[in-house]
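One structure is given here, and the rest of the page talks about it.
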Amino acid sequence: MTKRESNILKCLAILLMLAHHLFMYADQPDFPALVYGPLLNTPARLAAFGQLSKLCVTIFVFVTAYGTAMRYRGDSMKNDRAIMAISTRRWVKLLLSFQVVYLIAFALCPLGGKSWFTLYSPSRLENLFFALVDFLGLSYIIGTPSYNSAWWYMSLAVTLVLVLPWLIKLCRRYGLFLLLPGVLLVRWLNVEFVLFRYLLIILLGILLAEYGTAERVKAWYAKAALPLKGLTLLGCLALAGLVSVLWLRAGDNLLDIYEALLCLPLCLLALLTLARIPGLNSAAEFVGRHSMNIFFFHAFIYQNWFYDFTYSLRYPVVIFLFLLGSTLLFSVAVEGLKKLLQFDRLVARLSDWACRLLLPKETV
């Protein structure tokens, strides 16, 4: 999977995330009145689509796991310090990217009618502590309040960056023998830690990358006859539809399994269709490159600052496009600011400093 294809899948994930957050409560009595179209023509159907769009996180996790495993493909992974150095640099870049948005959102705090000094707690000292934990992306893990409800994912993202290389090493040693027992053990112990919620799709992403599955399927698809290509796409659609129906009927009891079964055919469809359409693939790649900033900031637009205006647009498609367009413009502005501030140079310097501080010295 190329960097461009990863961004296209991130585009798919971020679009689903916007739909999930905007419409998952459309069937609730206090939800704003909307004008429904011919497809999602009732509040219940729109809410069901919003519920299925929860898949967004699973796609992000799958892309991260697959991409990280591909990064280490062909690497013996025997140099533990080198592995920790790569993870440290990725962690610093992720954290700093988040903190740029955090500082902007924090500066705009009064837009939501809140005070900087009581944003998290009436206690000044407690407010400062909670702000620091949130600033470090750890609020969900520690269990402290967060300025933005969507920022819980930062705790998962930080965890993934640090532990994925070691999971890759385990998968290389034990392969498929690790997959089923690992998932069953987590279920049996009823572990609540955020990483284990996505353990199945993480392990699948690693194992599929180890065998170069996406590359093999794309190569096969390029050589396949047209009828076989059509059957492949129809098969992916049918599987996605079947899993969606089963998921909605069964609820969230087997959520990780349903999400994994839905994630794989949808990602394959995107790689075999969206990634091959000129113009559309470039637009999707562009949105995917900005997916992180959109994720960090979108809740402020529709939830904190402009809730009434967002839903006053009434038409779900218009509401969706407004949120996508506004957050995309914000992301473009943020990336321009980061270039002005020489963000990449700052990341490199802080990464070097973190590696010197946190990692053991190399032995000759």
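Quick note: residue numbers are just sequence positions, from 1.
Remark: the backbone N or O of Phe130 is not paired with any side-chain donor or acceptor of Asp134 at under 3.5 angstrom. In this structure a side-chain-to-backbone donor-acceptor pair under 3.5 Å is present from Tyr147 to Ala105. The main-chain N or O of Phe135 is found under 3.5 Å from a side-chain atom of Gln99 such that the two form a donor-acceptor pair. The closest donor-acceptor contact from the side chain of Ser331 to the backbone of Leu328 lies at 3.5 Å or more, if one exists at all. Asn293 places no side-chain N or O within 3.5 Å of a backbone atom of Val101 that could act as its donor or acceptor partner. The backbone N or O of Ala354 lies less than 3.5 Å from no partner atom in the side chain of Thr88, so there is not a single donor-acceptor pair. A donor-acceptor pair under 3.5 Å links the side-chain atoms of His298 to the main chain of Phe295, judged by distance alone. No donor-acceptor pair under 3.5 Å is formed between the side chain of Thr213 and the backbone N or O of Ala209. Listed for the Ser291 side chain is a donor-acceptor partner under 3.5 Å among the backbone atoms of Gly288. Between the side chain of His20 and the backbone N or O of Gly50 there is at least one donor-acceptor pair closer than 3.5 Å.
Within a 6.0 Å sphere centred on CG of Leu357, heavy atoms belonging to other residues, nucleotides or ligands number more than 12.
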Kindly determine whether Asn7 and Lys3 satisfy side-chain contact (heavy atoms from CB on, under 4.5 Å), including the steps that lead there.
-> CA-CA 6 Å; Asn7 282 327; Lys3 181 67 174 177; 4.2 Å; yes
Please step through ring-ring contact (aromatic ring centres under 6.0 Å, His included) for the pair Tyr311 and Tyr307, ending with a clear verdict.
-> CA-CA 6 Å; Tyr311 287 103; Tyr307 178 88; 5.0 Å; yes
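Atom CG of residue Leu350 and atom CG of residue Leu95 lie 10.0 Å apart, to the nearest 0.5 angstrom. Here the CZ-SG distance, from Phe300 to Cys109, works out to 8.5 Å after rounding to the nearest 0.5 Å. Taken to the nearest 0.5 Å, the CG atom of Leu266 stands 8.5 Å off from the SG atom of Cys236. Rounding to the nearest 0.5 Å places CG of Leu12 at 6.5 Å from SG of Cys267. One finds the CD atom of Glu259 at 4.5 Å from the CH2 atom of Trp247 (value rounded to the nearest 0.5 Å). The distance from atom CD1 of Ile301 to atom CG of Leu18, rounded to the nearest 0.5 Å, is 11.0 Å.
Under the 4.0 Å criterion applied to side-chain N and carboxylate O atoms, Glu335 and Arg289 are not assigned as salt-bridge partners. Using a 4.0 Å cut-off between charged side-chain N and carboxylate O, Glu210 and Arg73 make no salt bridge. The pair Arg89-Asp352 meets the salt-bridge criterion, since a charged nitrogen lies less than 4.0 angstrom from a carboxylate oxygen.
Summarising the geometry of Ile83 relative to Pro165, their closest heavy-atom pair is CG2-CB, 3.3 Å, with the distance given to 0.1 Å. The nearest pair of heavy atoms linking Pro43 to Ala26 is CB-O, 3.3 Å. Between Leu313 and Phe322 the shortest heavy-atom distance is CD1-CB, 3.6 Å.
Proximity of Leu108 to Trp305: side-chain heavy atoms (C-beta onward) are separated by under 4.5 Å at one or more points.
Screening Phe296, Phe297, Trp151 against Tyr102 for a ring pair (Phe, Tyr, Trp, His ring centres under 6.0 Å) leaves a single residue, Trp151.
Ring geometry for Tyr153 versus Phe60: interplanar angle of 30 to 60°, hence tilted.
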